[in-house]
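Data block below; observations after.
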Amino acid sequence: MIMLETENLSKNFLLHLQGGVRIDVLRGVDFSVQAGECVALTGPSGAGKTTLLRSLYGNYRAGGGAIRVRHEGAMVDIVTASPRLVVEVRDRTLGYVSQFLRVVPRVSALDIVADAARGVSTQQAHEMAAALLARLNIPARLHGLPPATFSGGEQQRINLARGFIGSHPILLLDEPTASLDNANRDIVIEMILEAKAAGKAVVGIFHDTFVRDAVANRIFNVLPLQDAA
Amino acid sequence: MNGYNFAYLDEQTKRMIRRSLLKAVAIPGHQIPFGSREMPLPYGWGTGGIQVTAAVLGADDTLKVIDQGADDTTNAVSIRRFFARTAGVATTTHTAEATIIQTRHRIPEEPLREDQIIVYQVPQPEPLSKLEPSRAETKRMHGLSEYGLMHVKLYEDITRYGHVSISYDYPVMVNGRYLMAPSPIPAFDNPKMDMMPALQLFGAGREKRLYAVPPYTKVASLDFDDHPFRTTRAPQVCGLCGSGVSYLDEVVTDDKGGRLFVCSDTDYCETRRAEGHAGTELAA
Amino acid sequence: MNDDTLLSARGLNLRFGAVTALDQVDCDLWPGEVLAIVGESGSGKTTLLNVLSGRMAPQSGVVWYRDPNGHLVDVHAMPAPALRALHRSDWGFVHQNPRDNLRMGVTAGGNVGERLMAQGSRHYGNIRAEAIAWLEQVEIDADRVDHLPRTFSGGMLQRLQIARTLVTHPRLVFMDEPTGGLDVSVQARLLDLIRSLVRRLGIAVVLVTHDLAVARLLAHRVMVMQRGVVVESGLTDQVLDDPQHPYTQLLVSSVLSA
């Protein structure tokens, strides 16, 4: 069952402040991912992997084409959907783990993760969050602290916990293991495999070929466009 | 008295005041502006009350004037004499004999009747004046019956003192609609206003406002369900007539700390004494 | 206007002399949604807030509100008593300066309880209990309930204003720079509080801010205004991360990344 597909997707940036320079990043992208499948986006640096991933999430506004997401049984086109519908799709269907943690300062790690849980009581959310953080080897003494002062690897694991706690049917992962040591990397691999086994669709950028080989069913190669024509 | 119209004011002015009074009676508790005249006594001495009395006084009326419940204080005496001279009406100190009673700071202890009118002298007709300085805003609040702010004041009192600390001019709701200042009568007198058979008229000379409570109108003192309005009086009995229910004044009798509690309503006290009641002070 | 829209504005225009404050502004808000209006000073964002909330009349255009009974009301055609009643029950307004809204001579409890009393609550004990519960919701110690606001810090005053506003469980709250004028660390705590209250209580918010970081953390959607015109609107992160309009690109590039 196709969970997410793009059709003739394009994306360009028009930089008004740089004299209207137009940068074409994606053109004619046709891509899909099935339930229970993990697709790894590959390609040279600057080819537009992150741009594609962000477009899928609606973080970037697609220039043309369609991005269809299976949301509550029906296909929703992220490109044309109202912002309100996109918020709903993100809330219930589409999870995203970015490379960087961007949160309200002074909020504890546990609250940040629990906040992303869906459809459970506050107490359940906190229990789930604590369990996830523990699994990701964040010591309990850090749970109550705001993550601003955490190391890069710790912040990334907070981010991962936040992405996984919602148990979204589709997960978009941007370099989820970039700053992790091998032990934590293996835990993340385990979590991704579990998500696949649970029928979730995963799209990810994995710089680390070891991780990519461990989790990806398929590779989707994003090629750089020739210089803007 | 030669050279003056009946009851001092000219007929046009009395007509203007009566028109405002009719309006006031029609909208119980609502303040009506009126063209307050200069009177031959200063503001604060009852200019509003005198104008209202002058406007409703007829040749066959009997007038009683009290100040703090007493018929014999300077202000009461001079206003009574003023109307005796300018209108030639009969005057009395007996509540039961009066058809019009002008008052400052009290309602007589003896219940008033349908054939009587009580005229209150009012210094500040706006009950919200201390809470909201803008006249325009209080007008709007009355218009929309937005009186939450008054309850905030009561809330603050209970929070600070454990009870509402307003002891006189205690705000009332008239006919369930308008918040009204009852003039600086003691809160003790508030219940007398409720469903009173007599017509109640209020005049504020300096502030140029009139208002009224028609006979048999509901007048409720503001309160909270769990802090109901309660009247208070000194726990003593009157030293002269022995009354245990009337509102008492405390009188210092010597420079050695001697004090005496007596009825503030002099007519009530005298009537009781004439009937044979006696307090400790007279018995001694 | 859709069946479930809470607030909807169409074709709002307002000029102050030669200055265009609003130029054909449309806007929709759904229940539980946070909409940020961003732009520089003078862009018309505060004017829009005032027009949406009925505090200021547009020269043309209409603002619809769906009242709790599901009826559509034209905010600017409402009789004054109805609009005032709406403002003290189903709506709330959080000002940048809490002193503009609070009664500084009245205790914290009285400030929070006022809207309840205005709605007819007449039980001192209940009003006080409710006030204490709300103080705790906004992280003010219950034992401050009898203190005067003048003994409160800036952040506490703002939280007190929020408690005073939310006590009647409004469905729609207008906020004008709610974190402006506060220290950065105090801002963060307040932002988190607003975010969690709004989320938990399902309140819809129209938020005016010049601070894009505030918009990012609180708002689902954002409208970018320039000289009275909405130049761009959409999902908050999309507008901020992939701005399309030259003015939005300028705004986004002018701030330190948040």
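In what follows, every chain begins at residue 1, and chains take the letters A, B, ... in the order their sequences are listed.
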Specify the closest pair of heavy atoms between C:R122 and B:D223, including all atoms of both residues, with the distance to one decimal.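 The pair with the smallest heavy-atom distance is CD-O, 4.0 Å.
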
With salt bridge (Lys or Arg N to Asp or Glu O under 4.0 Å) as the criterion, how do C:R115 and B:E146 come out once you've worked through the C-alpha distance, each side chain's angles and the decisive distance to 0.1 Å? CA-CA 11 Å; C:R115 275 165 71 111; B:E146 278 181 10; over 6 Å; no

If you check every heavy atom in residues 152-162 of chain B against those of chain C, which residues fall under 4.5 Å?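 Only B:V152, B:Y155, B:E156, B:I158, B:T159, B:R160 of residues 152-162 of chain B have a heavy atom under 4.5 Å from chain C.
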
Between the side chains of B:D225 and C:H123, does any donor sit under 3.5 Å from an acceptor?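 No donor-acceptor contact under 3.5 Å links the two side chains.
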
For C:R128, is it the side chain, the backbone, both, or neither that has a heavy atom closer than 4.5 Å to a heavy atom of chain B?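 Both parts, backbone and side chain.
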
Tell me whether the count of non-hydrogen atoms from other residues, nucleotides or ligands lying under 6.0 Å of [atom1] in [X] goes above 12.
X      : atom1 : answer
B:Y216 : OH    : yes
B:R15  : CZ    : no
C:R200 : CZ    : yes
B:K208 : NZ    : yes

Engaged part of B:H227 at the chain C interface, taking heavy atoms whose separation is under 4.5 Å: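 Just the side chain, heavy atoms under 4.5 Å.
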
Evaluate side-chain contact (heavy atoms from CB on, under 4.5 Å) for B:L149 paired with C:M117, printing each intermediate quantity in order. CA-CA 8 Å; B:L149 186 56; C:M117 291 183 249; over 6 Å; no

Before you tell me yes or no, could you show the steps for C:E114 and B:H151 under side-chain contact (heavy atoms from CB on, under 4.5 Å), namely the whole-Å CA-CA distance, both residues' side-chain angles and the distance that decides it to 0.1 Å? CA-CA 8 Å; C:E114 179 170 352; B:H151 268 93; over 6 Å; no

